[in-house]
Participant: 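Mind looking over this structure? Questions follow.
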Amino acid sequence: MSNANQSKPASSPANARVDWVIHARWIATVDDANTVLENHALVVKNSNIIELLPSADAEQNYTGENTVNLDQHLVLPGLVNAHCHAAMALLRGFADDLPLQTWLEQHIWPTEGRHVAPQFVYDGSLIAIAEMIRSGTTCFADMYFFPEQTAKAATEVGMRAHLAPPVFDFPSNWQTGPEQYLSAIAQLSENQASNPLLSTAIGPHAPYTVSDDTFKQITAAQKQLDCGLHIHVHETAQEVSDSQSQHGLRPLARLAQLGALGPKTQCVHMTQINDADLEALHQWQPSVVHCPKSNMKLASGFCPVHKLIEEGINVALGTDGAASNNNLDMISEMQFAALLAKPVSGKATAISAQQALRMATINGAKALGLDGLIGSLEKGKQADITAIRLDHLSQAPVYSPLSALVYASSGRQVTDVWIAGEQQLAAGQLIKLATDELRARQQRWLNVIAGDAQ
């Protein structure tokens, strides 16, 4: 932990006016040195961080339009949820305690077929965004239908989103086939190009729902759009076994053969990994998005995160959808990731609190191609910032703020959130979203879906 006296402020005019001066007991910068500062301040102007310096120097050098004193808090980069299905917040708890294929084929897909439409996605996305902001997430990667509705909800709130709409070989409520999915994604990318908070990727659903010919169309479209590729892969042992039977290849090898594996690929789940898979990951350098709680709930398997990190693979964290988690709390996800890695590897040192925090911030930003903008608190980066109180009885005494964050906290202790310098959560209260209205939306969909299921 850095001593406040070791940090020197950059030269600045006395009492320069800025948008925000945020004083904190601790600041976890998540920079390359994993610096944690004590009694420092973040200075924000025009959506960017312009300075980190001791609080006393900040008071002398800057006058904030807004000043916040977070003297019992850890301030950290806004959390990056690198994989979710936001609108599925409306299916939270709908079909619990089932294996993946049963859950999907007998419950989720039929229900989506009856109910997923623009209003469902808009309402569910608003609810998910509120939950994520409330628990410290400032950016999420979303794979779901009617992505223009998720984009609408995110834009209205001021949330950062990485939209990776799905592609299937078969029709859905949203589109009728591969060409239509890809055309809609290209249109979405064009429509959102001027929005600095939105980015687009292509989301082939999974190797077992996308043919070789469709993958070839996807890779061609990816090159044209110069975007990421976001895919569920190696999620279950059955998926791998079926791929070997049908294609003579494990899914990852098939993706590589089809040109769908590379540094811009976001491989979600990856619970089934052998030495050949590790070699392919090392060669092609995709990112892996680890979803520990969802994988445990669906009994999909365990991602060997410790091995991936040893191989230099970028590992991010995602919650998956609320239908298979059942929340979107990235602080909880950090805790599960750190704890689960220990028995899986047989090493208590497998994933530290610091590593878990990197997975939930800068690693997620890198996976989404956004690490030049977000993921760490450094001069010049966007002011995506989360603050969490660490003085609850269940968290104290605080010998290490990162230990308190990862092992003794949840999203419920988050108090303040900024996205691109705009405050979205203040003293635990959402600024742009009305909780009562969101509850009313939840209740309306509960009545519809529960009534249909009877």
Side-chain angles (χ1 to χ4, degrees), residues 1-10 12 14-31 34-45 48-79 133-138 330-331 334 353-354 357 360-361 376-379 381 383-419 421-431:
M1 190 176 295
S2 297
N3 187 297
N5 294 328
Q6 294 176 340
S7 179
K8 296 182 179 179
S12 62
N15 294 317
R17 299 198 67 83
V18 295
D19 297 327
W20 288 93
V21 179
I22 303 168
H23 298 274
R25 173 67 188 278
W26 299 283
I27 298 177
T29 65
V30 197
D31 61 5
N34 293 320
T35 305
V36 178
L37 303 167
E38 285 191 83
N39 300 314
H40 271 57
L42 279 165
V43 182
V44 177
K45 186 173 183 179
N48 292 321
I49 298 167
I50 66 167
E51 198 70 82
L52 289 89
L53 72 172
S55 283
D57 293 327
E59 290 174 352
Q60 180 179 351
N61 291 310
Y62 294 99
T63 299
E65 295 292 335
N66 303 277
T67 299
V68 180
N69 293 295
L70 303 172
D71 58 356
Q72 301 296 330
H73 295 67
L74 170 66
V75 169
L76 58 142
L79 301 173
I133 291 174
R134 181 63 190 81
S135 54
T137 291
T138 59
M330 282 290 290
I331 295 176
M334 279 194 281
Q354 178 66 69
L357 177 58
T361 53
S376 61
L377 300 179
E378 299 182 81
K379 185 175 179 179
K381 282 201 170 184
D384 286 18
I385 302 165
T386 288
I388 180 169
R389 285 191 74 108
L390 296 184
D391 63 343
H392 290 253
L393 288 174
S394 60
Q395 299 167 297
V398 180
Y399 297 106
S400 160
L402 299 190
S403 173
L405 169 71
V406 173
Y407 295 122
S409 300
S410 75
R412 293 183 181 90
Q413 281 101 34
V414 170
T415 62
D416 297 83
V417 169
W418 292 261
I419 300 174
E422 183 176 8
Q423 192 168 26
Q424 295 287 350
L425 186 75
Q429 299 300 309
L430 292 163
I431 291 176

Participant: Out of the candidates Leu377, Thr35, Thr361, only one should pair with Val30 under the side-chain contact (heavy atoms from CB on, under 4.5 Å) rule; please name it.
Facilitator: Thr361
Participant: Between Trp26 and Val36 (side chain of the first, backbone of the second, donor and acceptor by atom type, cut-off under 3.5 Å), is there such a pair?
Facilitator: no
Participant: Can you see which heavy atom on His40 is nearest to which on Pro54, and at what distance?
Facilitator: CD2-N, 3.5 Å
Participant: Can you name the side chain to side chain contact (heavy atoms under 4.5 Å, CB included) partners of Ala404, sequence neighbours left out?
Facilitator: Leu390, Val398
Participant: Using modelled atom types and a 3.5 Å cut-off, is there a donor and acceptor pairing between side-chain atoms of Glu51 and backbone atoms of Ala58?
Facilitator: no
Participant: Testing Val406, Thr137, Leu79 for side-chain contact (heavy atoms from CB on, under 4.5 Å) with Ile331, which one passes?
Facilitator: Leu79
Participant: If you round to the nearest 0.5 Å, how far is CG of Leu52 from CG of Leu42?
Facilitator: 4.5 Å
Participant: Taking all heavy atoms of Ala360 and all of Met334, pick out the closest pair and write down the distance.
Facilitator: CB-CG, 3.6 Å
Participant: Say you draw a straight line from CZ of Arg389 to CG of Leu74; how long is it, rounded to the nearest 0.5 Å?
Facilitator: 13.0 Å
Participant: Take Val43 and Asn61 through the side-chain contact (heavy atoms from CB on, under 4.5 Å) test and state the conclusion after the steps.
Facilitator: CA-CA 10 Å; Val43 182; Asn61 291 310; over 6 Å; no
Participant: If I compare all heavy atoms of His23 with all of Ala41, which pair ends up nearest, and what's the gap?
Facilitator: ND1-CB, 3.6 Å
Participant: Identify each donor-acceptor pair in which a side-chain atom of residues 63-72 lies under 3.5 Å from a protein atom, sequence neighbours left out, and give them as a table.
Facilitator:
residue : atom : partner : partner atom : Å
Glu65   : OE2  : Arg17   : NE           : 3.2
Glu65   : OE2  : Arg17   : NH2          : 3.1
Asn66   : ND2  : Asp19   : O            : 3.2

Participant: Using side-chain contact (heavy atoms from CB on, under 4.5 Å), reason through Arg25 and Asn39 one step at a time and then give a plain yes or no.
Facilitator: CA-CA 5 Å; Arg25 173 67 188 278; Asn39 300 314; 3.8 Å; yes
Participant: What distance do Ser410 atom OG and Gln395 atom CD have between them, rounded to the nearest 0.5 Å?
Facilitator: 8.0 Å
Participant: Using 0.5 Å steps for rounding, measure from the CG atom of Leu425 to the OG1 atom of Thr138.
Facilitator: 12.0 Å
Participant: If we only count heavy atoms from C-beta on, is the Asp416 to Ile22 side-chain gap below 4.5 Å?
Facilitator: no
Participant: Which pair of non-hydrogen atoms, one from Glu59 and one from Asn15, has the smallest distance, and what is that distance?
Facilitator: O-OD1, 4.4 Å
Participant: Are any side-chain N or O atoms of Thr29 and backbone N or O atoms of Asp31, one a donor and one an acceptor, separated by less than 3.5 Å?
Facilitator: yes
Participant: To the nearest 0.5 Å, how far apart are CD1 in Ile388 and OG1 in Thr415?
Facilitator: 8.0 Å
Participant: Shortest non-hydrogen contact from Thr386 to Gly136?
Facilitator: OG1-O, 2.7 Å
Participant: Taking side chain to side chain contact (heavy atoms under 4.5 Å, CB included) as the test, write out the residues that go with Gln354, two or more places apart.
Facilitator: Asn34, Ser352, Leu357, Arg358, Leu402
Participant: Would you compute the distance between atom CZ of Arg134 and atom CD of Gln429 and round it to the nearest 0.5 angstrom?
Facilitator: 7.5 Å
Participant: Which atoms form the tightest heavy-atom contact between Ile431 and Gln423, and what is the distance?
Facilitator: CD1-O, 3.2 Å
